[in-house]
Participant: 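Encoded as structure tokens, here's the structure I'll be asking about.
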Amino acid sequence: LPKPNMDHSIGEAVDTSGGKQFSTELLEQYYKRLMPTTQLFQWLSYGNDPDQAEVDPTITKDYFQRREISFTLEDDIYIRYNCFRDANEFYKELCKKVPHKIDIGAVFSHPPNMHNMVKSGNFKPMLREFVIDIDLTDYNHVGAANADISQGMGKDCWYFMAAAIKVLDRALRQDLGFNHLLWVFSGRRGIHCWVCDQKALELDDQARKAVADYLSVVKDIEGAESYAPVTYPLHPLTEAALPELEPIFMKHVANDTDDDDEDAIEGQGLLCDNNPDGWKQILRHVPNESVQQRLETEWSKASMTPEQRWSQLKLTVASEAKSLVSKGQANNGKVGEEAKKLLQCPAAIVFVFTYPRLDAAVSHHRNHLLKSPWCVHPKTGRVCVPLDPTTAEHFDPHTVPTLVSLFNEIEQFDAKQRVSDTKEGEGSEETTTKRRRVSELEKTIMKKYLNYFDVQNTTIHLLLFRLLCGRISLP
């Protein structure tokens, strides 16, 4: 199978200085001319096309029709339990209602618009992707509080999301055995992950909670006193995550800027010189006051690099743990626990500042809704585009197209085409036919994101998916 790949290092920032990037009028044109409703239908129906049911008895004819798709209209008018027969019906309703937000829910036992006509207890969610929602606001107390997200998340905070993708993508694939993952930028300040394997679709709420709990490490993510109660030695999940996250911690949390890289994003600088407040943010996670005071005193005496301070912290807590155990109290359980807490604290510090913070409620329940890929965020006007996890660290949210930038691209493409046609022979049948072959979506940067989405959504993937699910067998 072809492996999807998208180079996130290529892309120019979308200029949003001209004013508002979102309007109902532009959104209506987006739904009519650019929204990839057919591809959304193909993904959410998993090959169950009702038009093919007569020739393929393995197809569940009303599969897509039992999927809940909710709309939030202008002025926050919320409409739940929408459902549609196919892509065409979905497209027509989008153009008619022009929802400012589209949320996707579960595949229910009955078409959602019949929920009031079904006997109580019989209407229930049957299938649902396992989903993950990560929002920048949950990182406010570890560096994101001062981020300007008026035009969407900037590159300065993207490292939180890149770290989450790196850790969770590996854990979902290697630890839990999932293969079909779709990562999506939320359009403003977060990311979503859709796990689309059949075994993920069939998870009940209890199993979903178990998966989400397994992936969650940091506690009290919304409070200022968040912490990471890791074990010593580390659990295999955190043991694998630490070498992925520690370089991110050093670059974006411990350091401030990279003098060798003019384009480097400014870090928090918590372990830089002359930053005692930053040191305290790190040292408060060291579970020994005397060690905290000793390190703070040493760091104040002389100029040190963040790398030197971090190395000294790790050596000091290891030495203190060894000292506790060697004082003839090796059999004292309390001393042993104190030593373990000291040994695990460097990892705990890294995780508090960089480990992904899941919105657990979104993952736990099958009937929880999540914003659809390809819809437009009304606060920024940016499209919720798919992400390639293999190159996510290079992604810049400011390069994501807005409604205004997309239609500007179309105008610019058409203007260039008219000039080209004039040179080749204005109005000739050949040039006119050639121009019509280019869809409006192909005139924009959207084609890059859609090509990536299509690779994961091709007929061969769907065929293999259904084969692996045991729905069909090869002749």
Participant: Quick one: salt bridge (Lys or Arg N to Asp or Glu O under 4.0 Å) pairs with a partner in residues 90-99, sequence neighbours left out?
Facilitator: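 Non-adjacent pairs meeting salt bridge (Lys or Arg N to Asp or Glu O under 4.0 Å): Glu93-Lys97.
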Participant: Please report the C-alpha distance between Gln268 and Asn255 in whole Å, then the side-chain angles of each, then the deciding distance to 0.1 Å, and finally whether the side chain to side chain contact (heavy atoms under 4.5 Å, CB included) criterion is met.
Facilitator: CA-CA 6 Å; Gln268 296 186 51; Asn255 277 281; over 6 Å; no
Participant: Tell me which one of Val400, Ile191, Ile165 satisfies side chain to side chain contact (heavy atoms under 4.5 Å, CB included) with Phe395.
Facilitator: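 In the set Val400, Ile191, Ile165, the residue that makes a side chain to side chain contact (heavy atoms under 4.5 Å, CB included) with Phe395 is Val400.
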Participant: Quick one, Leu369 and Arg80 - any side-chain contact, counting heavy atoms below 4.5 Å?
Facilitator: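 Contact flag for Leu369/Arg80 side chains = yes.
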Participant: By side-chain contact (heavy atoms from CB on, under 4.5 Å), which residues pair with His285, not counting sequence neighbours?
Facilitator: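 His285: side-chain contact (heavy atoms from CB on, under 4.5 Å) contacts with Ile349, Val352, Phe353.
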Participant: For Asp133, is there any backbone N or O sitting under 3.5 Å from a side-chain donor or acceptor partner on Asp359?
Facilitator: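 Checking the backbone N and O of Asp133 against the side chain of Asp359, no donor-acceptor pair under 3.5 Å is found.
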Participant: Is the backbone of Asn367 close enough, under 3.5 Å, to the side chain of His365 for a donor and an acceptor to pair up by distance?
Facilitator: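 Flag not set: sc His365 to bb Asn367 has no pair under 3.5 Å.
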Participant: Determine yes or no for a side-chain-to-main-chain donor-acceptor pair under 3.5 angstrom, with Lys371 supplying the side chain and Ser186 the backbone.
Facilitator: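 Side chain of Lys371 to backbone of Ser186, a donor-acceptor pair under 3.5 Å: yes, one is there.
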Participant: Looking at every heavy atom in both Ala200 and Phe178, which two are closest together, and how far apart are they?
Facilitator: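 Taking every non-hydrogen atom into account, CB-CE2, 3.7 Å.
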Participant: So how far is it from Ser372 OG to Ile69 CD1, rounded to the nearest 0.5 Å?
Facilitator: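 The distance works out to 7.5 Å.
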Participant: Could you check whether any side-chain heavy atom of Ser70 comes within less than 4.5 Å of a side-chain heavy atom of Tyr81, counting everything from C-beta outward?
Facilitator: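 Result no, sub-4.5 Å side-chain heavy-atom pair not found.
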Participant: Compare all side-chain heavy atoms of Arg382 with those of Val376 and state whether any distance is below 4.5 angstrom.
Facilitator: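 The answer is no, as the side chains (C-beta and beyond) never meet within the 4.5 Å cut-off.
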Participant: Who passes ring-ring contact (aromatic ring centres under 6.0 Å, His included) against His100, sequence neighbours left out?
Facilitator: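 His100 satisfies ring-ring contact (aromatic ring centres under 6.0 Å, His included) with Phe22 only.
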Participant: Evaluate the side chain to side chain contact (heavy atoms under 4.5 Å, CB included) criterion for residues Cys196 and Tyr46: first the C-alpha distance (whole Å), next the side-chain angles of each, then the deciding distance (0.1 Å), finally the verdict.
Facilitator: CA-CA 9 Å; Cys196 307; Tyr46 294 99; 3.4 Å; yes
Participant: Going by side-chain contact (heavy atoms from CB on, under 4.5 Å), name the residues that satisfy it together with Pro50, two or more places apart in sequence or in a different chain.
Facilitator: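 Phe41, Lys61, Arg85, Asp86.
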Participant: Please list, chain by chain and in numerical order, all residues satisfying side-chain hydrogen bond (donor to acceptor under 3.5 Å, both in side chains) with Glu225, sequence neighbours excluded.
Facilitator: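 For Glu225 the side-chain hydrogen bond (donor to acceptor under 3.5 Å, both in side chains) partners, ignoring immediate neighbours, are Arg284.
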Participant: Is the closest basic N to carboxylate O distance between Lys443 and Glu409 below 4.0 Å?
Facilitator: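 Not counted as a salt bridge, because no side-chain N and carboxylate O are separated by less than 4.0 Å.
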Participant: Tell me if a side-chain donor or acceptor on Thr380 pairs with a main-chain N or O of Gly187 at a distance below 3.5 Å.
Facilitator: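 Such a contact is found between Thr380 side chain and Gly187 backbone.
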Participant: A side-chain contact here means heavy atoms from C-beta on lying under 4.5 Å apart; do His180 and Val195 qualify?
Facilitator: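 Contact flag for His180/Val195 side chains = no.
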Participant: Between Arg67 (side chain only) and Gly105 (backbone N and O only), is there a donor and an acceptor less than 3.5 Å apart?
Facilitator: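 The answer is yes, because a donor-acceptor pair under 3.5 Å joins these two groups.
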Participant: Looking at Ile79, is its backbone amide N or carbonyl O close enough to the side chain of Asn82 to form a donor-acceptor pair, meaning the two atoms are under 3.5 Å apart?
Facilitator: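 It does hold such a pair.
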Participant: Between the side chain of Asp75 and the main-chain N/O of Ile77, is any donor-acceptor distance below 3.5 Å?
Facilitator: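 Judged by distance alone, no pair lies under 3.5 Å.
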Participant: Looking only at non-hydrogen atoms, find the nearest pair between Val184 and Cys384 and report the distance.
Facilitator: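 Looking at all heavy atoms of both residues, the closest pair is CG1-O, 3.7 Å.
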Participant: Could Lys101 and Phe71 be counted as a cation-pi pair, given that NZ or CZ must be under 6.0 Å from the ring centre and within 45° of the axis?
Facilitator: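 No, Lys101 does not lie over the aromatic ring of Phe71.
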Participant: What residues, two or more places apart in sequence or in another chain, satisfy ring-ring contact (aromatic ring centres under 6.0 Å, His included) together with Tyr78?
Facilitator: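 ring-ring contact (aromatic ring centres under 6.0 Å, His included) list for Tyr78, sorted by chain: empty.
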Participant: Consider ring-ring contact (aromatic ring centres under 6.0 Å, His included). Of Tyr63, Phe64, Phe123, which one does Phe108 pass it with?
Facilitator: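 Single pass found, and it is Phe123.
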Participant: Can you list the residues that meet the side-chain hydrogen bond (donor to acceptor under 3.5 Å, both in side chains) rule with Ser226, with sequence neighbours excluded?
Facilitator: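 Partners of Ser226 under the side-chain hydrogen bond (donor to acceptor under 3.5 Å, both in side chains) test: Arg357.
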Participant: When you compare the side chain of Val404 with that of Asn408, does any pair of heavy atoms fall below 4.5 Å?
Facilitator: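 Asn408 reaches Val404 side chain to side chain.
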Participant: Considering only distance and modelled atom types, tabulate donor-acceptor pairs under 3.5 Å from the side chains of residues 25-33, sequence neighbours left out.
Facilitator:
unit_1 : atom_1 : unit_2 : atom_2 : d
Glu28  : OE2    : Lys32  : NZ     : 3.1
Gln29  : OE1    : Arg33  : NH1    : 3.3
Tyr30  : OH     : Trp374 : O      : 2.6
Tyr31  : OH     : Pro99  : O      : 2.6
Arg33  : NE     : Glu440 : OE1    : 2.6
Arg33  : NH2    : Glu440 : OE1    : 3.3
Arg33  : NH2    : Glu440 : OE2    : 3.0

Participant: Answer yes or no: is there a side-chain heavy-atom contact under 4.5 Å between Ile221 and Tyr139?
Facilitator: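 A side-chain contact under 4.5 Å is absent here.
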Participant: Before you tell me yes or no, could you show the steps for Trp158 and His252 under side chain to side chain contact (heavy atoms under 4.5 Å, CB included), namely the whole-Å CA-CA distance, both residues' side-chain angles and the distance that decides it to 0.1 Å?
Facilitator: CA-CA 10 Å; Trp158 180 250; His252 295 284; over 6 Å; no
Participant: Any salt bridge between Glu129 and Lys199, counting N to O under 4.0 Å?
Facilitator: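 A salt bridge is absent here (no side-chain N lies under 4.0 Å from a carboxylate O).
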Participant: Asp414 side chain to Glu411 main-chain N or O, any donor-acceptor pair under 3.5 Å?
Facilitator: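 It does not hold such a pair.
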Participant: Classify the side-chain pair Thr402/Gln21 by whether it contains a donor and acceptor separated by less than 3.5 Å.
Facilitator: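 Yes.
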Participant: For Gly278, is there any backbone N or O sitting under 3.5 Å from a side-chain donor or acceptor partner on Asn275?
Facilitator: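 Pair found, side chain donor or acceptor close to backbone of Gly278.
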Participant: Between the main-chain N or O of Thr391 and the side-chain N or O of His394, is there a donor-acceptor pair closer than 3.5 Å?
Facilitator: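 No, His394 side chain to Thr391 backbone: no donor-acceptor pair under 3.5 Å.
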Participant: With sequence neighbours excluded, tell me which residues meet side-chain contact (heavy atoms from CB on, under 4.5 Å) with Asn122.
Facilitator: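 Here the qualifying residues are His110, Val118, Lys119.
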Participant: Give every residue pair that meets the ring pair (Phe, Tyr, Trp, His ring centres under 6.0 Å) criterion with at least one member in residues 188-220, sequence neighbours excluded.
Facilitator: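 Output for this query lists Trp43-Trp194, Tyr214-His235.
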Participant: Kindly write out the residues that satisfy ring-ring contact (aromatic ring centres under 6.0 Å, His included) with Phe130, not counting sequence neighbours, or none if the list is empty.
Facilitator: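 By the ring-ring contact (aromatic ring centres under 6.0 Å, His included) rule, Phe130 matches no residue at all.
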Participant: Hey, are the side chains of Asp204 and Lys209 touching, using non-hydrogen atoms and a 4.5 Å cut-off?
Facilitator: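 Side-chain contact under 4.5 Å: no.
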Participant: Hey, can you pull the donor-acceptor pairs under 3.5 Å for the side chains in residues 167-174, sequence neighbours left out?
Facilitator:
unit_1 : atom_1 : unit_2 : atom_2 : d
Asp169 : OD1    : Arg173 : NE     : 3.3
Asp169 : OD1    : Arg173 : NH2    : 3.4
Asp169 : OD1    : Trp183 : NE1    : 2.8
Asp169 : OD2    : Arg173 : NE     : 2.8
Arg170 : NE     : Glu244 : OE1    : 3.3
Arg170 : NE     : Glu244 : OE2    : 3.1
Arg173 : NH1    : Asn179 : O      : 2.9

Participant: Tell me, do Leu181 and Pro389 make a side-chain contact under 4.5 Å, heavy atoms counted?
Facilitator: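 Result no, sub-4.5 Å side-chain heavy-atom pair not found.
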Participant: Would Val350 and Trp310 count as a side chain to side chain contact (heavy atoms under 4.5 Å, CB included) here? Give the steps.
Facilitator: CA-CA 11 Å; Val350 170; Trp310 182 241; 3.7 Å; yes
Participant: Taking all heavy atoms of Thr354 and all of Ala163, pick out the closest pair and write down the distance.
Facilitator: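 What the structure gives for the nearest pair is O-CB, 3.7 Å.
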Participant: Around Asp220, counting heavy atoms of other residues, nucleotides and ligands shown, do more than 12 lie under 6.0 Å from its CG?
Facilitator: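 Yes, because the 6.0 Å sphere around CG of Asp220 holds more than 12 heavy atoms from other groups.
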Participant: Around Glu222, counting heavy atoms of other residues, nucleotides and ligands shown, do more than 12 lie under 6.0 Å from its CD?
Facilitator: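 Check fails, neighbour count at 12 or below.
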Participant: Test Asp205 against every option in Lys124, Arg128, Arg366 by the salt bridge (Lys or Arg N to Asp or Glu O under 4.0 Å) rule and name the one that passes.
Facilitator: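 Exactly one pass, corresponding to Arg366.
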